[in-house]
Number of protein chains: 2
Amino acid sequence: MKSNGTAAKPYHHGNLKDALLQAARQMLEEEGHSNISLRKCAVAVGVSATAPQNHFANKTALLTALAAQGYADLQAYMRKDLPDGANQSSRRKAALLGYVAFAQDHPALYELMFARDRVSSSDADLLHNVGACFVILADIAKGFGTFQGDETKTDAKQQMFIWSFVHGYAQLLTANRFKKDDMQGMTVLDIIPELGN
Amino acid sequence: MKSNGTAAKPYHHGNLKDALLQAARQMLEEEGHSNISLRKCAVAVGVSATAPQNHFANKTALLTALAAQGYADLQAYMRKDLPDGANQSSRRKAALLGYVAFAQDHPALYELMFARDRVSSSDADLLHNVGACFVILADIAKGFGTFQGDETKTDAKQQMFIWSFVHGYAQLLTANRFKKDDMQGMTVLDIIPELGN
DNA sequence: ACTTCATATGTGCACTGTAAACTTTTTCTT
DNA sequence: AAGAAAAAGTTTACAGTGCACATATGAAGT
């Protein structure tokens with residue numbers, strides 16, 4: 001091709017994979033994960049309709065990458081206001097508020113992160129980032145509440161409880177399942193019943 | 001058409017709407033809600049590819065009907081072992097176990113019931129059935145735990161807590177997000193921390 | 001009998017994901 | 001520096017999909 005005055009678009013995009021993820025993420029937030037289209041992403045980025053195939057084996061692979069990115073962001077939200085050496089209670093509060101803030105800021109992404117039939121849950125990247133989130137949750141769950149029965153499982157119970165609760169709250173909140181006037185001036189923290197400690 | 005030996009299929013199906021819902025539900029459990037196709041449902045029921053249009057305005061309408069059906073079933077699961085005049089604690093336990101059992105028995109349906117971009121949350125039938133579930137939840141939430149702050153909102157807090165917790169648990173459980181060996185011989189009830197009462 | 005209407009069929013279209021063959025550019029090897 | 005190999009684009013092809021629209025069928029009401 002001969003060069004003319006206007007800058008000729010290079011044959012190779014240079015950073016197509018990231019560009020596609022970015023376009024997909026925007027489409028995700030705007031139209032929901034079931035309305036994402038690889039072709040639309042490709043066109044949005046200024047590339048041919050089937051170019052994404054070079055970077056993602058299939059649609060699931062792209063959605064999985066998006067979900068993995070989501071877990072990384074969730075981790076960042078939880079860490080954002082996490083005080084370093086402070087007491088366990090204030091650390092817990094900060095992380096929970098961060099968790100919910102993430103779900104509120106990125107509701108469609110948060111939903112995708114738990115959509116079993118759209119992401120491949122065995123993906124290495126995904127698992128890695130999920131694990132990183134779980135580390136934080138396990139950390140802040142320590143010393144929370146008392147449980148009956150097998151005491152060797154106390155840690156597990158604390159983790160399962162706190163993750164169940166905050167996940168459920170985040171999803172019901174973003175799905176508008178709570179009554180609006182109940183929510184006036186409330187945060188997650190107000191909904192946790194008082195426990196022994 | 002002339003009649004021959006084999007029984008001639010009547011032109012009208014007779015109960016197509018229900019038949020489609022049933023086929024869709026089976027496809028849902030087998031392949032997940034993002035792999036449901038109206039045309040496949042139609043063919044499965046033995047009718048032309050576009051026949052469903054007479055009964056469902058669009059795909060969302062069918063999925064919404066499916067979700068509404070799901071809330072009705074969830075309600076039945078919660079009520080199944082609900083003792084009548086017994087004390088609040090045992091009523092609560094029975095309903096929670098029923099809730100989780102439903103999610104485990106119908107994980108894909110349960111996921112659809114919270115898929116914001118696939119069901120129209122303003123549908124009258126859906127709202128009605130959601131409301132019926134919420135009545136049970138509000139009932140069993142009464143007298144659960146103690147909360148700080150505005151006492152006029154205690155009921156709301158109890159409801160929001162218990163729904164958040166059980167929903168989160170059910171979804172994390174069906175999404176296999178809990179470690180298998182942590183789960184040995186555990187139920188939802190084991191994960192609820194001991195409260196004042 | 002005639003009309004009416006709900007319910008079915010068939011056709012057509014834009015859009016989707018994916019496979020496959022080909023082209024262009026970059027990178028590696030010698 | 002030259003040619004081979006690999007990477008990253010393109011185009012074409014195809015089976016599905018949801019939906020709009022025109023048409024056909026049969027049952028029910030007059």
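Nothing here was measured: the structure is a model prediction, and the numbers come from that model. The sequence lines fix the lettering, A, B, ..., with proteins before strands; numbering per chain opens at 1.
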Report yes if a donor N or O on one partner sits less than 3.5 Å from an acceptor N or O on the other, where the partners are the side chain of A:Thr50 and the base of D:dT11; otherwise report no.
yes

No-H, no-angle donor-acceptor pair, B:Asn54 side chain to C:dA8 base, under 3.5 Å:
yes

Distance, rounded to the nearest Å, where [X] contributes [atom1] and [N] contributes [atom2]:
X: B:Leu16; N: D:dG26; atom1: CG; atom2: P; answer: 16 Å
X: B:Glu31; N: D:dG16; atom1: CD; atom2: P; answer: 13 Å
X: A:Phe56; N: C:dA19; atom1: CZ; atom2: P; answer: 16 Å
X: A:Asn15; N: D:dA7; atom1: CG; atom2: C1'; answer: 15 Å
X: A:His13; N: C:dT23; atom1: NE2; atom2: P; answer: 24 Å
X: B:Asn35; N: D:dG18; atom1: CG; atom2: P; answer: 11 Å

Under the side-chain contact (heavy atoms from CB on, under 4.5 Å) test, residues paired with A:Lys80 that sit two or more places apart:
none

Who are the side-chain contact (heavy atoms from CB on, under 4.5 Å) partners of A:Leu82, not counting sequence neighbours?
A:Arg91, A:Ile136

Please list, one pair per line, the donor and acceptor atoms closer than 3.5 Å that link side chains of residues 66-73 of chain B to other protein atoms, with sequence neighbours excluded.
unit_1	atom_1	unit_2	atom_2	d
B:Gln69	OE1	B:Arg25	NH1	3.0
B:Tyr71	OH	A:Arg177	NH2	2.5
B:Tyr71	OH	B:Met113	O	2.8
B:Asp73	OD2	B:Arg25	NH1	2.9
B:Asp73	OD2	B:Arg25	NH2	2.6

Roughly how far, to the nearest 0.5 Å, is CD of B:Gln184 from NZ of B:Lys179?
14.0 Å

Pick from A:Met27, A:Arg118, A:Gln26, A:Glu30: which one makes a side chain to side chain contact (heavy atoms under 4.5 Å, CB included) with A:Ile36?
A:Met27

Tell me which nucleotide among C:dT18, D:dC19, C:dT7 gets nearest to the side chain of A:Gln53.
C:dT18

Looking at the side chain of B:His55, which of C:dT18, D:dA8, C:dT7 is the nearest nucleotide?
C:dT7

Have a look at B:Gly46 and say if it touches a base, only the backbone sugar-phosphate, or nothing, with a 4.0 Å heavy-atom cut-off.
nothing

Can you tabulate the close N/O pairs, meaning under 3.5 Å, that link protein atoms to atoms of nucleotides 13-17 of chain C?
unit_1	atom_1	unit_2	atom_2	d
C:dT16	OP1	A:Ser37	OG	3.4
C:dG17	OP1	A:Leu38	N	3.1
C:dG17	OP1	A:Lys59	NZ	3.0
C:dG17	OP2	A:Leu38	N	3.0
C:dG17	OP2	A:Arg39	N	3.3
C:dG17	N7	A:Arg39	NH1	2.2
C:dG17	O6	A:Arg39	NH1	2.7

For residues 33-47 of chain A, pull every pair meeting side chain to side chain donor-acceptor pair (under 3.5 Å), keeping only residues two or more places apart or in separate chains.
A:Ser34-B:Asp117

With salt bridge (charged side-chain N to carboxylate O under 4.0 Å, His left out) as the rule and sequence neighbours excluded, what pairs involving residues 119-132 of chain B come up?
none

